[in-house]
Chemist: 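Starting off with a structure, shown below.
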Amino acid sequence: MKTDELVAMLATGVEAVDPRAVEKRFALALAFGLSGAGVLMVALLGVRPDLARVAMTGMFWLKLAFPAAVLGATLSVTMRLARPGRGAGLGWLVSALALAALWLGAGAALVAAPPALRPHMVLGETWRVCTLCVTVLSIPAFCAVFWALRGLAPTKPRQAGAAAGLLAGAQGLLVYCLHCPESTLPFWGVWYVLGMLVPTALGAVLGKVLLRW
């Protein structure tokens with residue numbers, strides 16, 4: 001067979017690839033993850049009854065800002081790692097900066113508070129269930145993001161799995177904030193972070209298996 005004939009045969013019936021395929025796939029995963037977490041939150045926990053009042057306070061929006069920043073940063077990382085041969089970019093650094101800002105604020109709040117109040121600022125009223133709740137609410141997003149990655153071509157499966165887990169954890173935490181009554185930076189810096197690290201660790205472990213070509 002001549003080269004021209006071989007090329008013509010291989011090109012027959014080939015359809016153009018959608019240049020926005022990765023973005024569309026992750027948009028669908030993000031929509032499913034957030035809506036699934038919302039349904040679970042309403043069914044299992046409920047929306048906090050004073051949400052309308054606390055939504056008028058700066059602390060409420062600061063609480064949402066942390067998972068939103070991590071979500072945006074890790075979405076960028078995960079989408080980059082979904083493409084073969086791509087690095088993570090600056091997303092990990094942005095996530096680390098968001099975490100560092102939270103821990104710096106938490107440390108400053110503890111230093112400024114009377115010693116007798118510090119344990120309560122860290123433990124709050126819900127420390128026993130917070131990490132579990134965030135992890136459970138992350139399940140829909142975890143499944144959706146892994147579905148998105150399995151339809152693409154990540155070449156760094158462990159790192160992509162960790163990014164997917166952190167992305168799912170950020171989505172679960174973002175929704176959980178609509179229920180959680182805690183309003184101190186030290187509490188967020190411990191239990192919110194642990195809630196996101198559980199799916200991150202699970203994603204790193206499963207990524208090596210589920211995202212392998």
Side-chain angles (χ1 to χ4, degrees), residues 17-41 44 64-103 130-177 188-213:
V17 176
D18 185 352
R20 307 292 292 177
V22 174
E23 289 78 4
K24 291 179 179 179
R25 198 168 181 88
F26 274 95
L28 185 59
L30 194 66
F32 179 84
L34 289 173
S35 59
V39 170
L40 278 180
M41 189 266 293
L44 300 177
L64 293 181
F66 172 62
V70 175
L71 192 159
T74 50
L75 178 61
S76 172
V77 171
T78 311
M79 290 176 61
R80 287 179 60 88
L81 293 174
R83 296 176 169 91
R86 295 290 294 274
L90 296 177
W92 288 129
L93 176 60
V94 175
S95 295
L97 290 175
L99 179 59
L102 175 61
W103 281 349
C130 179
T131 298
L132 176 61
C133 288
V134 174
T135 302
V136 170
L137 295 183
S138 302
I139 292 174
F142 192 92
C143 297
V145 177
F146 263 83
W147 164 83
L149 283 172
R150 282 178 59 83
L152 298 168
T155 53
K156 300 177 180 178
R158 188 179 296 278
Q159 188 177 173
L166 184 55
L167 176 57
Q171 292 179 69
L173 176 56
L174 185 64
V175 173
Y176 179 65
C177 287
W188 305 346
V190 176
W191 308 107
Y192 282 8
V193 173
L194 285 176
M196 291 194 299
L197 288 181
V198 172
T200 301
L202 183 60
V205 172
L206 293 180
K208 191 66 175 177
V209 177
L210 298 180
L211 302 178
R212 183 173 55 191
W213 290 18

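Just so you know, these numbers use all the heavy atoms, side chains as well, and skip hydrogens, waters and symmetry mates.
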Chemist: Report all side-chain donor-acceptor pairs from residues 198-211 shorter than 3.5 Å, counting only partners two or more places apart or in another chain.
Modeler:
from	atom 1	to	atom 2	distance (Å)
T200	OG1	L166	N	3.4
T200	OG1	M196	O	2.7

Chemist: Could you pull out all donor-acceptor pairs under 3.5 Å where a side-chain atom in residues 70-80 meets a protein atom, sequence neighbours excluded?
Modeler:
from	atom 1	to	atom 2	distance (Å)
T74	OG1	V70	O	2.6
T74	OG1	L71	O	3.4
T78	OG1	T74	O	2.6
R80	NE	G87	O	3.0

Chemist: Just so I know, are the side chains of C130 and Y176 near enough to count as touching, which here means a heavy-atom distance under 4.5 Å?
Modeler: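 Side-chain contact under 4.5 Å: yes.
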Chemist: Can you tell if the side chain of V193 reaches within under 4.5 Å of the side chain of W188, non-hydrogen atoms only?
Modeler: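 In short, these two side chains do not touch, never coming nearer than 4.5 Å.
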Chemist: Hey, is the main chain of W147 close enough, under 3.5 Å, to the side chain of R25 for a donor-acceptor pair?
Modeler: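 Looks like yes, one N/O pair under 3.5 Å.
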Chemist: With T155, which residues qualify under side-chain contact (heavy atoms from CB on, under 4.5 Å), at least two apart?
Modeler: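 Listed in chain order: P84, W213.
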Chemist: Give every donor-acceptor pair under 3.5 Å between a side-chain atom in residues 132-145 and any protein atom, sequence neighbours left out.
Modeler:
from	atom 1	to	atom 2	distance (Å)
T135	OG1	T131	O	2.8
S138	OG	V134	O	2.7
S138	OG	A168	O	3.3

Chemist: Please tell me if the side chains of R83 and L152 come closer than 4.5 Å, counting only heavy atoms from C-beta onward.
Modeler: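 No, their side chains stay 4.5 Å or more apart.
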Chemist: With the side chain counted from C-beta on, respond yes when Y192 and P67 share a heavy-atom pair under 4.5 Å apart, and no when they do not.
Modeler: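 No - every pair of side-chain heavy atoms lies 4.5 Å or more apart.
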Chemist: Specify the closest pair of heavy atoms between A163 and L81, including all atoms of both residues, with the distance to one decimal.
Modeler: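 Scanning both residues completely, I find the closest heavy atoms to be CB-CD1, 4.3 Å.
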Chemist: Sequence neighbours left out, what pairs pass side chain to side chain donor-acceptor pair (under 3.5 Å) with at least one residue falling in residues 84-93?
Modeler: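 Qualifying pairs, neighbours excluded: W92-Q159.
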Chemist: Within a reach of under 6.0 Å around CG of L90, are more than 12 heavy atoms found that belong to other residues, nucleotides or ligands?
Modeler: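 No - once you tally the heavy atoms of other residues, nucleotides and ligands closer than 6.0 Å, there are 12 at most.
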Chemist: Rounded to the nearest 0.5 Å, what's the gap from CG on L174 to CE on M41? Could you check?
Modeler: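 It is 10.0 Å, given to the nearest 0.5 Å.
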Chemist: For the residue pair A82 and L149, what are the closest heavy atoms and their distance?
Modeler: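 Shortest heavy-atom separation between A82 and L149 comes out as CB-CD2, 3.7 Å.
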Chemist: Got a sec, which residues hit side-chain contact (heavy atoms from CB on, under 4.5 Å) with L97, two or more places apart in sequence or on another chain?
Modeler: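 For L97 the side-chain contact (heavy atoms from CB on, under 4.5 Å) partners, ignoring immediate neighbours, are L93.
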